[in-house]
Amino acid sequence: MSDKLKIGFYWCAACGGCEISVLDIDEMILDVVELADIVFWPCAMDPKYEDLRAMEDGSIDVIFINGSIRSTENEEMVKLLREKSKKVVAYGSCSSIGGLFGLGNLYSKEELLEYGYNTPSTEEGGVIPAENSKVPEGELHLPPLLHHVRSLDEIIEVDIYLPGCPPLPNQLKEGLPLILEGKVGKYDLVSQKSVCDECPLEREEKKIPRLYPIQEMMLDPERCILDQGVLCMGPATAGMCEAPCPSVGHPCIGCNGPVRGVKDQGARMASALASVLGVEGEERMEESEIIDVVKSVRDPTGSFYRFSLPKSYLRYKRRDIHG
Ligand code: SF4
Ligand code: SF4
Ligand code: SF4
């Protein structure tokens, strides 16, 4: 019997980008195959639920789980995978911090279903999520949605976090061997440095009067984007990606989530912006000036928490709902 490691991949509520990213490591995939056998990968191998249930507990050495937890099926599967696996890696930002789909937490499940499924393509005979786990006999439904999106660690214990949307080849080339050789701790792959620390554009930390939409600006590609008055999430975002977005003139949108040790990416960004916009010296400003400055931050929740709402202090809008 092979003495290689046994690894697996699983996607929950995901876009597919994380699954594809595994292939972005080019020839390094050969090193992975040298070290490990892939024993579970629904995207590529089409195993059935029964196949997983039949595996011995702890028989997968490392399972890489991507995607948010959105449905009862996601919840059930990750609990099962936790039993079958020695180590669980939260792969990608959806899994680590809730991800893009976490913005659904600004609405109730009922509002989302109404908006997303009441469309011409679902009016007649469309397959929609069941309202609860009791799917009527003979009817085809998608698994029921949970009331809000969760990160993986709200459901099961996570051993290693590897955020990114998706994790980039440089992160994988550094992180994958360490994970497979068991040389990495829970948060070791989450940078303590921010994107600003890795950004080639130098920040002068100038005070700016307000923020401007990027489409209204002719940005100087040599200067810090935030210094020029356009929102860039670099100060509040973990920097293990090596800042590819600001390097080509696009603001960081925060996809890695917060730097290691910071719980709330949005709060960190609000604090950074308060300083840049001069709101910290608000006692010297007219009330109308403060209101103008604050209004110039468009869609603060969607911008500050684009990838991390389920893992933030806010988590979801309707605190009266559980499930
Ligand atoms: S982290 Fe990004 S790439 Fe990965 S599943 Fe989520 S949205 Fe897709
Ligand atoms: S462009 Fe963005 S990431 Fe780069 S230094 Fe400025 S704020 Fe930081
Ligand atoms: S610069 Fe920001 S948006 Fe771009 S990959 Fe890095 S964390 Fe993500």
Side-chain angles (χ1 to χ4, degrees), residues 11-18 65-72 74-75 78 90-116 129 144-156 158 161-167 187 189-191 194-195 211 231-241 245 251-274 294-295 297-323:
W11 53 8
C12 296
C15 75
C18 277
I65 300 179
N66 69 80
S68 324
I69 310 300
R70 172 79 270 190
S71 71
T72 54
N74 301 150
E75 188 176 29
V78 300
Y91 186 99
S93 291
C94 287
S95 181
S96 300
I97 50 176
L100 274 174
F101 312 117
L103 287 178
N105 286 0
L106 295 172
Y107 304 90
S108 70
K109 181 176 82 167
E110 291 71 24
E111 286 167 329
L112 290 175
L113 286 174
E114 173 65 22
Y115 188 80
L145 299 186
L146 299 172
H147 277 289
H148 60 275
V149 174
R150 292 163 173 182
S151 55
L152 182 61
D153 59 6
E154 272 202 76
I155 310 295
I156 60 170
V158 165
Y161 292 87
L162 179 54
C165 182
Y187 301 107
L189 301 177
V190 183
S191 181
S194 72
V195 173
L211 288 178
L231 181 65
C232 177
M233 287 290 292
T237 303
M240 52 275 190
C241 57
C245 306
C252 169
I253 56 171
C255 81
N256 284 336
V259 296
R260 191 193 311 170
V262 170
K263 162 84 181 163
D264 194 301
Q265 188 180 17
R268 173 59 69 96
M269 192 62 214
S271 156
L273 263 190
V294 172
K295 275 189 178 166
V297 185
R298 293 189 179 179
D299 186 17
T301 314
S303 302
F304 297 175
Y305 294 101
R306 186 173 294 168
F307 296 90
S308 63
L309 186 63
K311 202 71 185 282
S312 71
Y313 288 120
L314 302 177
R315 292 185 60 214
Y316 49 92
K317 194 170 176 188
R318 297 171 58 126
R319 291 199 171 274
D320 53 319
I321 291 176
H322 300 282

Can you tell if the side chain of [X] reaches within under 4.5 Å of the side chain of [Y], non-hydrogen atoms only?
X	Y	result
Leu146	Glu75	yes
Met240	Arg260	no
Val78	Cys12	yes
Arg150	Ile155	yes
Asn256	Val190	no
Val149	Ile69	no
Pro167	Tyr91	yes
Gln265	Phe304	no

*Kindly write out the residues that satisfy side-chain contact (heavy atoms from CB on, under 4.5 Å) with Cys252, not counting sequence neighbours, or none if the list is empty.*
Val195, Cys232, Met233, Thr237, Pro246
_Could you work out, with side-chain contact (heavy atoms from CB on, under 4.5 Å) as the rule, every residue matching Val259, not counting sequence neighbours?_
Ser194, Ala238, Val262, Arg268
*Any chance you could measure Glu111, atom CD, to Leu106, atom CG, to the nearest 0.5 Å?*
10.0 Å
_To the closest 0.5 Å, what do you measure between OG (Ser108) and CD (Glu114)?_
10.0 Å
_Keeping Ser312 on the side-chain end and Leu314 on the backbone end, is there a donor-acceptor pair under 3.5 Å?_
yes
*Hey, does the side chain of Asn105 reach the backbone of Arg315 with a donor-acceptor pair shorter than 3.5 angstrom?*
yes
*Over all heavy atoms of both residues, which pair between Pro251 and Leu231 is shortest? Give the atoms and the distance, please.*
CB-O, 3.2 Å
*Of the non-hydrogen atoms in Cys165 and Ser93, which two are nearest, and what is the gap between them?*
N-OG, 4.0 Å
*Tell me, please, which residues at least two apart from Ser71 pass side chain to side chain donor-acceptor pair (under 3.5 Å).*
Asn74
_Under the ring pair (Phe, Tyr, Trp, His ring centres under 6.0 Å) test, residues paired with Tyr161 that sit two or more places apart_ = Tyr187
*Would you list the pairs meeting salt bridge (Lys or Arg N to Asp or Glu O under 4.0 Å) in which at least one residue belongs to residues 299-314, sequence neighbours left out?*
Asp153-Lys311
*Among Cys255, Pro163, Pro258, find the residue that satisfies the side-chain contact (heavy atoms from CB on, under 4.5 Å) test when tested with Phe307.*
Cys255
Throw together a table of side-chain donor-acceptor distances under 3.5 angstrom for residues 95-104, partners on residues two or more places apart or in other chains.
unit_1, atom_1, unit_2, atom_2, d
Ser95, OG, Ile65, O, 2.9
Ser96, OG, Ala90, O, 3.2
Ser96, OG, Gly92, O, 2.9

